[in-house]
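All figures in this text were calculated on a predicted structure; none of them were measured in a lab.
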Amino acid sequence: MVEAFHHRPTLKQQNKKFKSKHATKGTLKDRAKGRILQSSKTGPKASAAAAQTRLNRRNNAKQAQSKKREAIVSATRLFNGVDGCPRIVVVVPLSPDVSSKNVVSAISNALDQPADDCSEDGLWRMRADRFKTSLQFRTLPYRRYYETLDACKVADYVVFALSSAVEVDTWGDILLRSLQSQGLPEVVTIVSPDTEMDVKARPSILKSLLSFIQYFVPSQTKVFDLHNTSDRLNALRSLSEGKPADVRWREGRSYLLGEQVQWDGDVLRVTGVVRGASLSANRLVHIPNSGDHQISKIYSSPLPRARKGQENGMEVEPTLIAEPNPDDADSLVSTNDPDDLENEQTWPTEEEMNGKHTGNNDPSIPDAVPGTTPKAVKRIPKGMSEYQAAWIIDETDDEDGDDDSQGGSDKDGMEEEEEMEEMVEVEDTTEMDIDNQRHVTFQDLDIEEETAQLEKWRNRKREEEDDAAFPDEVDTPQDIPARTRFARYRGMRSFRTSPWDPYENLPRDYARIFQFEDFKRTERSVRKRSEQELNTVEPGTRVTVHITGVAREAVSSGPLTLFSLFQHEHKVSVLHFTVQRNTEYHASVRSKDPMILCVGPRRFSVNPIYSQHTRGGGKGTNNVHKFERYLRHGSTAVATVYGPVTYGKQPCTLLRESNDSQAPQLVAYGSFLNTDTTRVISKRIILSGHPFKVHKKTATIRYMFFNPEDVHYFKPIQLHTKYGRVGHIKESLGTHGYFKAYFDGPINQMDTVCMSLYKRVYPKWAQLYRDGARPQSAPHAHDDVAMEE
């Protein structure tokens with residue numbers, strides 16, 4: 001039988017699966033995302049649609065290009081023309097062998113314009129007809145720290161003049177860091193022509209200087225060598241063309257560089273060109289080293305050839321442009337005037353703190369009815385409010401079972417006696433021994449033995465890890481009772497969630513400050529009103545501003561700068577700043593140390609207090625933040641001061657004075673956080689004790705207190721150990737401050753028993769800092785006693 005022939009399977013034809021060339025309607029709809037789909041028809045209509053699409057794309061690109069050009073023109077319109085607003089160029093020498101006058105002369109020689117009348121410290125104006133603009137150079141001598149900061153605040157360009165022979169020293173490094181944190185405009189870096197440069201070494205020197213300046217200004221791509229003619233012209237072109245970079249904190253503010261300053265009695269006349277936003281006569285102005293002042297009048301002050309129809313050199317009569325409206329002008333009142341007779345005193349007096357308060361002596365209040373006084377009364381500090389008394393937590397014991405009923409009666413008795421000013425201490429007979437309710441026989445040590453053991457325990461070696469984990473640990477003083485030494489402290493069950501009334505026991509300074517119901521909303525409304533204000537002077541106008549109440553010392557040093565303030569920016573409140581330590585500063589920075597705070601255009605002598613920065617910058621559950629004794633490296637902290645209100649993310653810098661008034665030390669830098677009078681900064685102290693005898697969950701603790709009265713006073717506050725146990729005081733033992741404590745688990749003999757106490761702290765009042773005047777020094781206390789005062 002012959003078998004049928006079959007092809008091999010490898011020769012079988014397999015057609016490709018069907019694949020559609022067109023997507024479904026649902027897929028096209030998803031791709032469109034709401035847009036109108038293009039027609040997929042072919043033919044003349046499809047070609048016309050495609051042509052129209054190409055035309056639309058070209059038209060859109062042309063419109064976008066036109067908008068960009070208009071934006072650049074409008075931004076530079078202020079500087080257009082040789083008679084327009086001059087570009088302010090600040091020349092900053094960073095080495096002692098650099099002369100700012102020689103730098104300006106080298107740049108001006110690019111247009112064959114001599115700068116013979118240019119001084120080493122002053123203003124010099126230059127006409128750049130080739131670039132259809134004008135430049136106004138602000139020259140500065142070497143080592144003028146505060147003048148350099150103020151000049152760069154109003155500058156359009158900053159020229160950093162480096163030396164090819166001398167390196168930048170520590171002063172120049174601190175100045176660059178300060179300017180970097182303050183906010184820099186457009187930067188141009190040059191090599192001064194004062195020193196000769198070897199031709200062969202020129203490339204390596206320029207490369208090294210570029211690497212140095214890029215550390216502070218990463219946007220720099222070239223360092224211009226003023227020894228070279230082409231680099232001089234290129235440096236001048238960089239200063240004359242384009243739009244200067246914007247400084248964020250200057251948005252919405254007007255400022256002025258004084259070209260002419262005249263002081264006549266109590267009135268200061270400042271002539272210059274208005275920059276930034278419109279200048280309002282109703283708002284206050286700030287002058288460095290002088291403070292905030294009111295504007296009396298604003299006159300026009302055009303240049304002799306600024307108006308058409310006038311001959312060259314003919315003076316133009318000034319005209320009154322604006323004057324303040326009495327109904328809308330800001331006043332110089334910065335603080336409230338508290339009335340001590342009408343305001344309620346919320347803090348105990350010295351007599352009350354010393355125990356001289358005799359309680360209720362009013363005969364009109366009858367005595368309590370017999371039988372209504374509870375058997376046991378909770379002991380609280382004299383002068384403590386009802387809200388404050390609720391913070392002292394009374395823990396109930398659950399280990400025996402028959403403590404529950406007595407705990408309920410104690411609570412009822414506490415509610416009836418909360419309003420009493422003097423409390424009666426009654427022995428609690430319900431507390432029984434944990435160890436099968438047996439009476440404890442305790443024998444006191446003699447004074448010599450007790451002192452020797454205390455010194456031996458206090459001189460124990462502390463591990464670095466323990467010191468970092470428990471930075472607030474303090475030793476209880478022996479000569480002062482703990483209930484007196486820590487009378488202003490309170491216990492808290494939970495630092496994160498326990499409520500704290502922000503208006504309780506406020507100091508007198510809080511009666512002087514201003515509080516905003518909603519600071520962000522106030523800022524938005526103030527900025528909106530400033531944009532709609534009518535009585536203003538537009539930017540680019542050359543004016544003469546008459547300012548009242550200015551001292552003669554304000555015009556004694558160099559060209560003057562002037563900054564306008566928003567409404568309410570003269571009012572004093574509680575200011576908070578987020579700051580970080582300067583990595584190059586290694587000295588100790590303690591809370592309440594005297595500092596110089598530079599924020600925006602102003603400088604103050606302050607004694608800030610530091611606190612932890614809540615994650616995300618929020619207030620947390622209860623707006624309570626832990627006080628930090630030191631400002632440490634590697635973390636962000638919040639610095640709190642009393643000071644005038646400021647709007648926006650103003651940059652801030654913390655400086656510390658040195659022996660040289662023009663060479664301060666840069667401590668920290670950051671930005672303005674908010675104005676919040678309800679932020680509670682709570683200082684924590686930890687009283688530590690030593691487990692003398694341990695039996696399972698019960699231990700005898702010593703060295704936390706030194707008399708039984710202190711044990712009874714702090715008995716309601718919760719205890720904790722470094723190994724994580726939680727407990728409370730059961731009873732006092734002996735006369736040396738020993739006590740028995742019960743914990744939630746077995747305690748280790750090597751453990752340490754701690755008690756956390758909290759107290760709200762407040763900053764000190766800020767003062768205006770004047771260059772050359774030393775800030776008020778605070779006691780540089782390293783002990784806890786001095787920090788309490």
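Atom CD of E241 is surrounded by more than 12 heavy atoms from other residues, nucleotides or ligands within 6.0 Å. No more than 12 heavy-atom neighbours from other residues, nucleotides or ligands sit within 6.0 angstrom of CZ on R248. More than 12 heavy atoms of other residues, nucleotides or ligands sit less than 6.0 Å from atom CG of L320.
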**Request:** Output, in order, the C-alpha distance, side-chain angles, deciding distance and verdict of side-chain contact (heavy atoms from CB on, under 4.5 Å) for L233 and R130.
**Result:** CA-CA 11 Å; L233 185 60; R130 177 174 178 176; 3.6 Å; yes
**Message:** If you apply the rule side-chain contact (heavy atoms from CB on, under 4.5 Å), what do you find for T170 with I174, and how did you get there?
**Reply:** CA-CA 6 Å; T170 305; I174 293 177; 4.1 Å; yes
**Asked** Passes side-chain contact (heavy atoms from CB on, under 4.5 Å), T675 versus K571? Steps please.
**Response** CA-CA 11 Å; T675 297; K571 303 294 189 297; over 6 Å; no
**Request:** Check step by step if side-chain contact (heavy atoms from CB on, under 4.5 Å) holds for H286 and E569.
**Result:** CA-CA 10 Å; H286 178 80; E569 279 197 323; over 6 Å; no
**Request:** Test salt bridge (Lys or Arg N to Asp or Glu O under 4.0 Å) on R138 and D121 and set out the steps.
**Result:** CA-CA 7 Å; R138 170 68 169 99; D121 182 11; 2.9 Å; yes
**Request:** List the steps and the verdict of ring-ring contact (aromatic ring centres under 6.0 Å, His included) for F212 and F160.
**Result:** CA-CA 12 Å; F212 168 78; F160 287 135; 9.4 Å; no
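At a threshold of 4.0 Å, the pair R87-E186 does not count as salt-bridged, since none of the basic side-chain nitrogens sits closer than that to a carboxylate oxygen. Salt bridge annotation for R552-D266: absent, with no cationic side-chain nitrogen under 4.0 angstrom from a carboxylate oxygen.
Note that the NZ atom of K297 and the CZ atom of R269 stand 10.0 Å from one another [nearest 0.5 Å]. Distance check: L666 CG to S178 OG gives 4.5 Å after rounding to the nearest 0.5 Å. Taken to the nearest 0.5 Å, the CG atom of L654 stands 11.0 Å off from the OH atom of Y585. Note: N234 CG to D225 CG = 11.5 Å, rounded to the nearest 0.5 Å. Interatomic distance, R275 CZ to C85 SG, rounded to the nearest 0.5 Å: 3.0 Å. Separating the CH2 atom in W124 from the OG atom in S108 is a distance of 4.5 Å, to the nearest 0.5 Å.
A donor-acceptor distance shorter than 3.5 angstrom exists from the side chain of R250 to the backbone of K153, with no hydrogens or angles considered. Under a 3.5 Å cut-off, the side chain of Q182 and the backbone N or O of P651 do not form any donor-acceptor pair. The main-chain N or O of N289 is found under 3.5 Å from a side-chain atom of R770 such that the two form a donor-acceptor pair. The backbone N or O of V223 sits nowhere less than 3.5 Å from a side-chain atom of T189 that would complete a donor-acceptor pair. Side chain of H227 to main chain of T195: a donor-acceptor pair is present (N/O by atom type, distance under 3.5 Å, no hydrogens or angles). A donor-acceptor pair under 3.5 Å links the side-chain atoms of N282 to the main chain of N325, judged by distance alone. Judged by distance alone, with hydrogens and angles left aside, the side-chain atoms of Q662 form a donor-acceptor pair with the main-chain N or O of Y145 at under 3.5 Å. No donor-acceptor distance shorter than 3.5 angstrom exists from the side chain of H576 to the backbone of V638, with no hydrogens or angles considered. Between the side chain of R143 and the backbone N or O of A663, no donor-acceptor pair lies under 3.5 Å. Formation of a donor-acceptor pair under 3.5 Å by the E120 side chain with backbone atoms of P141 is not found in this model.
Counted by atom type alone, T548 and S296 present zero donor-acceptor pairs between their side chains at under 3.5 Å. Counting only N and O atoms by type, the side chains of T561 and D150 include no donor and acceptor under 3.5 Å apart. No side-chain donor-acceptor contact under 3.5 Å links S530 and Q567. Y669 and R177 share no side-chain donor-acceptor pair at under 3.5 Å. Side-chain contact annotation: S280 with T536, donor-acceptor N/O pair under 3.5 Å absent. For the residue pair T636 / Q580, a side-chain donor-acceptor distance below 3.5 Å is found, with atom types taken as modelled. Under 3.5 Å, the side chains of T653 and S181 contain a donor-acceptor pair of N or O atoms. With no hydrogens or angles considered, no side-chain donor-acceptor pair links R127 and S134 at under 3.5 Å. A donor and an acceptor atom, one from each side chain of T319 and S300, are located under 3.5 Å apart.
Here the side chains of Q294 and H570 are not in contact, with every heavy-atom distance at 4.5 Å or above. Looking only at side-chain heavy atoms (C-beta outward), S301 and V543 stay at 4.5 Å or farther from each other. No side-chain heavy atom of C118 sits less than 4.5 Å from a side-chain heavy atom of F137. Side-chain contact between P601 and Y255: absent, with no pair of heavy atoms (C-beta onward) separated by less than 4.5 Å. Between T544 and P318 the shortest side-chain heavy-atom distance does not fall below 4.5 Å. By the 4.5 Å heavy-atom criterion applied to side chains, D97 and Y142 are not counted as neighbours. Between F604 and P644, the closest side-chain pair of non-hydrogen atoms falls below 4.5 Å. A heavy-atom distance below 4.5 Å is found between the side chains of R656 and M595.
Smallest separation of non-hydrogen atoms from F519 and T646: CZ-O, 3.4 Å. Taking both residues in full, the closest heavy atoms of G276 and P539 are given as O-CG, 3.1 Å, listed atom of the first, atom of the second, then distance. Scanning both residues, V599 and Q650, for their nearest heavy atoms gives CG2-CB, 3.9 Å. Nearest heavy-atom pair across L655 and V667 is C-CG2, 4.3 Å. Of all the heavy atoms in A281 and E323, the pair that sits closest is CB-C, 3.7 Å. When all heavy atoms of D156 and P86 are compared, the closest pair comes out as OD2-O, 4.1 Å.
Ring geometry for Y642 against W765 counts as tilted: the plane angle lies between 30° and 60°, on a 0 to 90° scale. Ring pair F672/F577 is perpendicular by interplanar angle, where above 60° counts as perpendicular and below 30° as parallel. The aromatic rings of Y647 and F566 are tilted relative to each other, their planes meeting at an angle between 30° and 60°. The aromatic rings of Y299 and H546 sit tilted, their planes meeting at an angle between 30° and 60°.
The salt bridge (charged side-chain N to carboxylate O under 4.0 Å, His left out) with E533 is formed by just one residue from the set R527, K528, R283; it is R283.
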